[in-house]
Peer 1: 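This is the structure I have questions about; it appears just below.
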2 protein chains.
Amino acid sequence: MHVKRGYHHGSLKQALVEAGVALLAEGGPSALTLTEAARRAGVTPAAPYRHFSGRDALLAEIARQGFESFGARIEAAWDEGRPDAQSAMRAMCAAYLAFAREETGLYAAMFGQAATLADPRAGGAADHALEILWRAVVAWLQAAGAPAQGARHVALQVWALAHGVAMLTISGHFDAGRTADPAAVLDGAVAGVMAAAAGKGRPVS
Amino acid sequence: MHVKRGYHHGSLKQALVEAGVALLAEGGPSALTLTEAARRAGVTPAAPYRHFSGRDALLAEIARQGFESFGARIEAAWDEGRPDAQSAMRAMCAAYLAFAREETGLYAAMFGQAATLADPRAGGAADHALEILWRAVVAWLQAAGAPAQGARHVALQVWALAHGVAMLTISGHFDAGRTADPAAVLDGAVAGVMAAAAGKGRPVS
DNA sequence: ACCTGAACACCGTTCAAGT
DNA sequence: ACCTGAACACCGTTCAAGT
């Protein structure tokens, strides 16, 4: 195994990304330090600059890969609308929150301001994740016999909802005395938004 | 005016807070540095430690004051439900987004993880802001002739929605190609959530 | 081509010392 | 009681130099 995988034998870039993800998981965004990532990869603090233009570039690459695995996860949860659009939507929302809670630091880094600005490719990966959400909304509306017109707008509403719940949970604003179950808040609100979009009455009971 | 107001004549604590707010406005959370705040207040880097236990404590005090002015602003926009609950709710949502967009750095600091953990008083100020939202939801439901039961849950939904739209706008995820009007997304979603909570049909057209 | 060594500016924090 | 001066560890970044 020491053929071409020694930390600084051709894979330093990815080694830095993985070290960075671990740092985010351990101590949040402020713990992501270029120097410490280099230390964990077994190189000096100057070495990363051969692969990244700076700290923000590393963060952007981490965000890009984060959006990829995030997109894959919610896509799997949606499972092409099986067994039915409403259950699949609930499963996707649950997967969304689960990702944010399991990979707190990574999620925060993905949605921090710096990431998408530093590298357009990170924005592209985010676009792809949003598109999965959009397809789910379209399928939901079709299953409800409603016109899929305006689905993009509804997808943004669902996204804002999921992101808001995720961020308030992460930042601790949902725990401090307010003892609300984040998943229940999200479920209820998504049901309301979707019902309104479908032009139906009360949310699915 | 040089009686007791010289920067380091009894008001250093508030001077540091104000310098910090300015730094947040100019360069975001990462620009909020204890050293630079001290420099602007005309004291050495060690001076702040007589008033704050560290950087996070300054951030928490800034967040606390931020939640106070934030709460005052959305309360004024709600204006006790005048001229009617629906318009007042829309005005409150608009004020919410306006605050987040005008005081981007401050808003991000208020909802960052560190702030509320470092000082429970910041959490208390956040509670007060949420309570205004809650009262608005209750009034909205009453005006719609619906039972106000479960209003707390609905208030959390509206909060998550507003926060999600605000954060996605701030982080640039709503601009990158997605050209969505944040206010329109929020308005539509809130209308949907409220209509569902009131047990009504389509959202207010 | 990729990495080291040394250096600089900057920040958070501590502590002894001043007034 | 409140602040300065000096110090330490740490980080981002640059650059000349090694292999």
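The sequence lines fix the lettering, A, B, ..., with proteins before strands; numbering per chain opens at 1. The basis for the numbers below is simple: all heavy atoms, side chains too, and nothing from hydrogens, waters or symmetry mates.
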Peer 1: State whether A:Arg73 and A:Glu102 are salt-bridged, where the test is any N-O pair (Lys NZ or Arg NE/NH1/NH2 against Asp/Glu carboxylate O) under 4.0 Å.
Peer 2: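 A:Glu102 and A:Arg73: salt-bridged.
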Peer 1: Are any side-chain N or O atoms of A:Arg55 and backbone N or O atoms of A:Leu32, one a donor and one an acceptor, separated by less than 3.5 Å?
Peer 2: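 Between the backbone of A:Leu32 and the side chain of A:Arg55 there is a qualifying donor-acceptor contact (under 3.5 Å).
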Peer 1: For DNA chain D, what string of dots and brackets results from 5' to 3' when Watson-Crick and G-U pairs need both distances under 3.5 Å, crossing pairs get [ ], and pairs with another strand get |?
Peer 2: ||.|||||...|||||.||
Peer 1: How many whole angstroms separate atom CG of B:Leu16 from atom C1' of D:dC3?
Peer 2: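 In whole Å, D:dC3 C1' lies 12 Å from B:Leu16 CG.
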Peer 1: Rounding to an integer number of Å, can you tell me how far B:Glu36 CD sits from C:dC11 C1'?
Peer 2: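 Nearest whole value for this atom pair: 11 Å.
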Peer 1: Charged N to carboxylate O below 4.0 Å: is that the case for A:Arg135 and A:Glu80?
Peer 2: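 Between A:Glu80 and A:Arg135 there is no salt bridge, as every charged N stays at least 4.0 Å from the carboxylate O atoms.
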Peer 1: For C:dG12, does OP1 or OP2 lie under 4.0 Å from any side-chain N or O of B:Thr35?
Peer 2: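 So the side chain of B:Thr35 is within the cut-off, an N or O lying under 4.0 Å from OP1 or OP2 of C:dG12.
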Peer 1: Just so I know, are the side chains of A:Gln113 and B:Ile170 near enough to count as touching, which here means a heavy-atom distance under 4.5 Å?
Peer 2: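 No - every pair of side-chain heavy atoms lies 4.5 Å or more apart.
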Peer 1: Evaluate whether atom CD of A:Glu36 has more than 12 neighbouring non-hydrogen atoms of other residues, nucleotides or ligands under 6.0 angstrom away.
Peer 2: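 Yes.
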Peer 1: Quick check: are there more than 12 heavy atoms from other residues, nucleotides or ligands sitting under 6.0 Å from CD of A:Gln149?
Peer 2: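 Atom CD in A:Gln149 is not crowded, with 12 or fewer foreign heavy atoms closer than 6.0 Å.
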Peer 1: Please state whether the rings of A:His163 and A:Tyr107 are parallel, tilted or perpendicular, taking 30° and 60° as the class boundaries.
Peer 2: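 The rings of A:His163 and A:Tyr107 sit tilted, inter-plane angle from 30° to 60°.
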Peer 1: Whole angstrom is fine here: how far is it from CG in B:Leu34 over to P in D:dC3?
Peer 2: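 Nearest whole value for this atom pair: 13 Å.
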Peer 1: Does a side-chain N or O from A:Arg39 land closer than 4.0 Å to OP1 or OP2 of D:dC10, or not?
Peer 2: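 No, outside the criterion.
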Peer 1: Can you list, by residue number, the residues of residues 44-66 of chain A that have a non-hydrogen atom closer than 4.0 angstrom to DNA chain C?
Peer 2: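 Residues of residues 44-66 of chain A that come under 4.0 Å of DNA chain C are, in numerical order, A:Thr44, A:Ala46, A:Ala47, A:Arg50, A:His51.
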Peer 1: Under 3.5 Å, is there a donor-acceptor pair between the B:Glu18 and B:Gln65 side chains?
Peer 2: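 No donor-acceptor contact under 3.5 Å links the two side chains.
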Peer 1: Could you check whether A:Phe67 and A:His128 have their ring centres less than 6.0 Å apart?
Peer 2: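 Distance test on ring centres: not under 6.0 Å, no.
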Peer 1: Run through A:Trp159, A:Phe70, A:Trp78 and flag the one making a ring-ring contact (aromatic ring centres under 6.0 Å, His included) with A:Tyr96.
Peer 2: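 For A:Tyr96, the ring-ring contact (aromatic ring centres under 6.0 Å, His included) check succeeds only for A:Phe70.
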Peer 1: Identify the heavy atoms of B:Ala63 and B:Ala109 that sit nearest to each other, and give their distance.
Peer 2: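 Of all heavy-atom pairs spanning B:Ala63 and B:Ala109, the closest is CB-O, 4.4 Å.
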Peer 1: Distance check: side-chain N/O of B:Thr33 vs OP1/OP2 of C:dG12, anything under 4.0 Å?
Peer 2: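 Yes, within the criterion.
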Peer 1: Can you pull out the residues from residues 21-31 of chain A that lie within a 4.0 Å heavy-atom distance of DNA chain C?
Peer 2: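 The stretch gives none, as no residue of it lies under 4.0 Å from the strand.
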